[in-house]
Amino acid sequence: MRIDLHAHSNASDGTDSPAELVAAAVAAGLDVVALTDHDTVAGYGEAAEAVRGTGLTLVPGAELSCRTGGISMHLLAYLFDPAEPEFAAERELVRTDRFRRGRAVVEKCVELGAPISWEQVEQIAGNGSVGRPHIASALVEAGVVPDVSAAFTADWLANGGRADVPKHETDPVTAVRLVRAAGGVPVFAHPGAVKRGRTVSEDTIRELAGAGLGGLEVDHMDHDPETRERLRALAGELGLLATGSSDYHGSRKTVRLGEHTTDPAVYEALLAQATGAAPITG
Ligand code: AMP
Ligand code: FE
Ligand code: FE
Ligand code: ZN
């Protein structure tokens, strides 16, 4: 069983459509793939159609933008009821604020001399939940930076960078409770991804565990071996599941689907905690 529990489609900042993501998961030899777009479930319908007849299992999910103590963090949510109103309203709030913030980031880029426009970013994002990676792609198109990751520096879009503007992000304790109340399983995404900026303390992780966190994403491209060992030990101590996943974004990142995977026993334990939705097997 090859299980990848974190992948993005063009419903957020990935480059594959949900159907293309499903096809890529089949081609990568995966048995299970989770669709975890930022703050949206808009890709579910197309992905569910696309798994039919493939034998692939689709785990519907999302990745929520959170912030605590001035530090941004991401919370994966699996198998929640997408219609549960309180959680749906919070996702909507974050998505709406992404537009205000996206325009403000583009304005800053223009002030800094980058020849990009909001119309261009809208075109790149399509119907997707708009984010900095779309603006990064605009900066690449304009020849300002050579690739998407080069846009995530202090000069441009990195957290606290010259053109960064914060968006509304949910308090993670609130987010954990919202996910559980919708029957889902919350897993802290890449908790040790230091290259993206400051990361939350172990105390915060303990607090989230007390609030109902279900797991830590341990095996992730942004974690070095020492970080993985530290997080694996912490997960064991706190009774949290230790997951692994690619965080695939299509051609916006170099990581391949299935580059990191989740142990089948951990996946089974995650399924056992979920009451809001079921995986879809094609
Ligand atoms: P946003 O959701 O608009 O705040 O943008 C965050 C997204 O930017 C993340 O989900 C990643 O896809 C991407 N990102 C963040 N940091 C980096 C980085 N250092 N290199 C490449 N992509 C990044
Ligand atoms: Fe992303
Ligand atoms: Fe993330
Ligand atoms: Zn992600």
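Remember, predicted model here, so these are calculated numbers, not experimental data. Both counts, for ligands and for their atoms, begin at 1 and track the order of listing.
- With a cut-off of 2.8 Å, the Zn ion (ligand 4) has no N, O or S atom of His74 in range.
- Close contacts between ligand 1 and Gly131 involve ligand atoms 3 (O) [criterion: under 4.0 Å to a heavy atom].
- Side-chain contact check for Glu259 and Ser246: no donor-acceptor pair (N or O, by modelled atom type) lies under 3.5 Å.
- Restricting Asp247 to its N, O or S atoms, the one at the least distance from the Zn ion (ligand 4) is OD1.
- Closest N/O/S atom of His74 to the Fe ion (ligand 3): ND1.
- Shortest contact from atom 15 (C) of ligand 1 to any protein heavy atom: Phe152 CE2, 3.5 Å.
- In terms of protein heavy-atom proximity, atom 11 (C) of ligand 1 is nearest to Lys253 NZ, 3.4 Å.
- The cationic atom of Arg91 (NZ for Lys, CZ for Arg) lies less than 6.0 Å from the six-membered ring centre of Phe87 and within 45° of the ring axis.
- The Fe ion (ligand 3) has no N, O or S atom of His38 under 2.8 Å away, backbone or side chain.
- Salt-bridge check for Asp171 with Arg67: failed, with every basic side-chain N at 4.0 Å or more from each acidic carboxylate O.
- Shown in contact with Pro133 at under 4.0 Å from a heavy atom are these atoms of ligand 1, numbered in order with element: 5 (O), 7 (C), 8 (O), 12 (O), 13 (C).
- The distance from ligand 1 to the heavy atoms of Lys167 drops below 4.0 Å at these ligand atoms: 1 (P), 2 (O), 4 (O).
- With no hydrogens or angles considered, a side-chain donor-acceptor pair links Asp37 and Ser9 at under 3.5 Å.
- Considering Arg196, Arg98, His249 only, the shortest heavy-atom separation from atom 12 (O) of ligand 1 involves His249.
- Contact annotation: for His38 versus ligand 1, heavy atoms closer than 4.0 Å belong to the side chain alone.
- Only the side chain of His74 comes within contact range of ligand 1, with a heavy atom under 4.0 Å; no backbone atom does.
- Asp13 and His38 share a side-chain donor-acceptor pair at under 3.5 Å.
- More than 12 heavy atoms of other shown residues, nucleotides or ligands fall within 6.0 angstrom of atom CG in Asp224.
- Aromatic pair His190/His74: ring centres closer than 6.0 Å.
- Atom 6 (C) of ligand 1 has its closest protein heavy atom at Arg132 NH2, 3.6 Å.
- Of all heavy-atom pairs spanning Val179 and Phe80, the tightest one is O-CB, 4.4 Å.
- Vertex the Fe ion (ligand 3); arms to His190 atom NE2 and Glu63 atom OE2; angle 110° (nearest 10°).
- One finds the CZ atom of Arg180 at 12.5 Å from the CZ atom of Arg177 (value rounded to the nearest 0.5 Å).
- With the Zn ion (ligand 4) as the vertex, NE2 (His6) and NE2 (His8) define an angle of 100°, rounded to 10°.
- The ligand atoms of ligand 1 that sit less than 4.0 angstrom from a heavy atom of Arg101 are 1 (P), 3 (O), 4 (O).
- Residues His8 and Asp247 bring a donor and an acceptor atom of their side chains to less than 3.5 Å of each other.
- At a cut-off of 3.5 Å, with distance as the only test, a side-chain donor of Ser149 or Asp147 sits close to an acceptor on the other residue.
- Under 4.0 Å from ligand 1, not a single heavy atom of His134 appears.
- In terms of distance to the Zn ion (ligand 4), the nearest N, O or S atom of Glu63 is named OE1.
- Under the 3.5 Å distance criterion, with hydrogens and angles disregarded, a donor-acceptor pair is assigned to the side chains of Thr15 and Ser251.
- At a heavy-atom cutoff of 4.0 Å, ligand 1 is contacted by the side chain of Asp13 but not by its backbone.
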